[in-house]
Amino acid sequence: MGLDLRLYLVTDRGQGRDRELLDLVLEAVAGGVGVVQLREKNSATREFVELARALHQRLQNLGVPLIINDRVDVALAVGAEGVHVGQEDMDPRDVRALVGPEMYVGLSAQTEKHMRAAAALPVDYVGLGPIAATPTKHDAGTPLGISGFSRLRRLVPLPVVAIGSVSQANAFDILAYGQADGVAVVSAVCAAADPRKAAQELLSAVDQGRWHRCREAHG
């Protein structure tokens with residue numbers, strides 16, 4: 001199962017307007033989300049596994065990869081397509097040793113040091129940010145802006161997705177001028193009144209940004 005990183009959803013049940021997470025995610029996928037990362041920082045292990053398994057079963061039928069945030073054990077237990085780790089989580093080399101070559105491994109990065117290190121690590125993509133100050137992750141680091149993202153993005157030959165206060169308003173610029181391969185969103189979809197419509201609008205902005213960048217590159 002390939003990775004379509006153009007629109008990458010990171011879940012946050014706290015922003016879901018009391019909707020069931022599975023329903024929210026499936027609506028977002030119907031709107032164009034290509035990858036789902038299940039992030040459950042406050043769930044007990046059994047609850048996390050049960051939720052991940054139920055979500056994975058639904059996403060498999062749709063051909064959408066499920067990435068588990070941080071918890072290698074949960075990813076292995078449910079047969080997820082990947083694991084995403086941060087700078088303070090398990091070393092990506094240890095993650096790769098545990099999950100083998102077939103599972104995707106993603107890594108969060110915020111600084112030039114992180115990006116230079118990522119280039120030598122066994123990871124498949126990098127989530128770089130925040131683009132702007134974000135309320136969904138208090139330890140996200142100093143906002144990079146579009147120009148800062150673009151500068152750091154060039155340091156690695158890997159796919160890089162932008163994260164941290166990504167919205168329909170800035171998605172075009174992130175792709176067109178930031179050189180991102182896609183955007184990772186949390187509240188822009190999870191907190192939206194209509195997750196499907198929000199995803200459709202975000203993907204449209206992303207694709208327009210990609211087209212603009214390609215046009216500029218080829219004159």
Side-chain angles (χ1 to χ4, degrees), residues 1-43 47-48 50-69 80-82 84 106 108 125 127-138 140 143 146 149 161-178 180-213:
M1 194 180 292
L3 276 183
D4 178 359
L5 293 169
R6 291 177 301 157
L7 184 56
Y8 182 130
L9 176 65
V10 181
T11 67
D12 185 340
R13 279 200 281 180
Q15 298 196 40
R17 295 170 174 251
D18 297 322
R19 293 171 294 208
E20 290 293 330
L21 182 65
L22 267 66
D23 294 337
L24 189 158
V25 170
L26 292 175
E27 281 295 299
V29 168
V33 162
V35 182
V36 176
Q37 180 188 137
L38 182 59
R39 186 167 71 185
E40 289 287 315
K41 292 296 187 182
N42 300 314
S43 293
E47 179 188 10
F48 196 167
E50 290 175 352
L51 178 60
R53 182 171 286 124
L55 183 56
H56 188 233
Q57 289 171 349
R58 302 297 294 274
L59 292 177
Q60 273 190 307
N61 294 333
L62 300 171
V64 174
L66 176 64
I67 309 296
I68 301 296
N69 179 270
E81 281 69 44
H84 187 95
S108 294
Y125 70 92
L128 175 62
I131 296 296
T134 172
T136 63
K137 202 168 188 297
H138 301 301
I146 303 295
F149 177 93
V161 296
I163 190 167
S165 289
V166 173
S167 66
Q168 185 189 354
N170 61 15
F172 176 92
D173 287 347
I174 291 169
L175 271 290
Y177 308 114
D181 292 281
V183 296
V185 295
V186 187
S187 57
V189 169
C190 290
D194 186 338
R196 182 187 298 212
K197 182 180 179 182
Q200 288 172 336
E201 292 173 346
L202 278 159
L203 186 59
S204 176
V206 165
D207 285 341
Q208 289 176 38
R210 294 175 74 208
W211 180 83
H212 178 85
R213 185 173 74 202

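Heavy-atom basis, side chains included; hydrogens, waters and symmetry copies ignored. As the structure is a prediction and not an experimental result, all values here were calculated from the model.
- In this structure, N69 CG and S108 OG are separated by 7.5 Å, a value rounded to the nearest 0.5 Å.
- Rounded to the nearest 0.5 angstrom, H212 NE2 and L175 CG are separated by 11.0 Å.
- Between Y125 and I67 the shortest side-chain heavy-atom distance falls below 4.5 Å.
- In terms of heavy-atom proximity, A54 sits nearest to L22 at CB-CD2, 4.0 Å.
- Remark: L3 CG to E81 CD distance equals 9.0 Å, nearest 0.5 Å.
- Under the 4.5 Å side-chain criterion, counting only non-hydrogen atoms from C-beta, L26 is in contact with L62.
- Proximity of a side-chain donor or acceptor of N170 to a complementary backbone N or O of S165 within less than 3.5 Å is detected.
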Exercise. Going through the distances and angles, do L9 and V29 end up as a side chain to side chain contact (heavy atoms under 4.5 Å, CB included)?
Worked result: CA-CA 9 Å; L9 176 65; V29 168; over 6 Å; no

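- Going from atom CD of Q200 over to atom CG of L7 covers 10.5 Å, rounded to the nearest 0.5 Å.
- Proximity of L59 to V25: side-chain heavy atoms (C-beta onward) are separated by under 4.5 Å at one or more points.
- Between the side chain of R19 and the main chain of C190, a donor-acceptor pair closer than 3.5 Å is present.
- Residue A199 comes nearest to V33 through the heavy atom pair CB-CG2, 4.2 Å, listed as atom of the first residue, atom of the second, then distance.
- For the pair I68/F48, a side-chain contact is recorded, criterion being any heavy-atom separation below 4.5 Å from C-beta on.
- In terms of heavy-atom proximity, P130 sits nearest to G164 at CB-CA, 3.8 Å.
- Expressed to the nearest 0.5 Å, how far CD1 of I163 lies from CZ of F149 amounts to 10.5 Å.
- To the nearest 0.5 angstrom, H84 atom NE2 is 5.0 Å from Q37 atom CD.
- Between S187 and Q15, the shortest heavy-atom distance links the atoms CB-OE1, 2.7 Å.
- Residue-environment remark: CZ (R58) stays at or below the threshold of 12 foreign heavy atoms within 6.0 Å.
- Between G31 and L203, the shortest heavy-atom distance links the atoms O-CD2, 4.4 Å.
- Checked against side chain to side chain contact (heavy atoms under 4.5 Å, CB included), E47 has the following partners two or more places apart in sequence or in another chain: R13, S43.
- The backbone N or O of A180 lies less than 3.5 Å from a partner atom in the side chain of R213, making a donor-acceptor pair.
- Between E27 and the options R17, K197, R196, a salt bridge (Lys or Arg N to Asp or Glu O under 4.0 Å) holds for only R196.
- Checking S204 against Q208 by side-chain atom types alone, a donor-acceptor pair falls below 3.5 Å.
- Nearest heavy-atom pair across I174 and A162 is CG2-CB, 3.5 Å.
- Without hydrogens or angle criteria, T11 side chain to R39 main chain gives a donor-acceptor distance under 3.5 Å.
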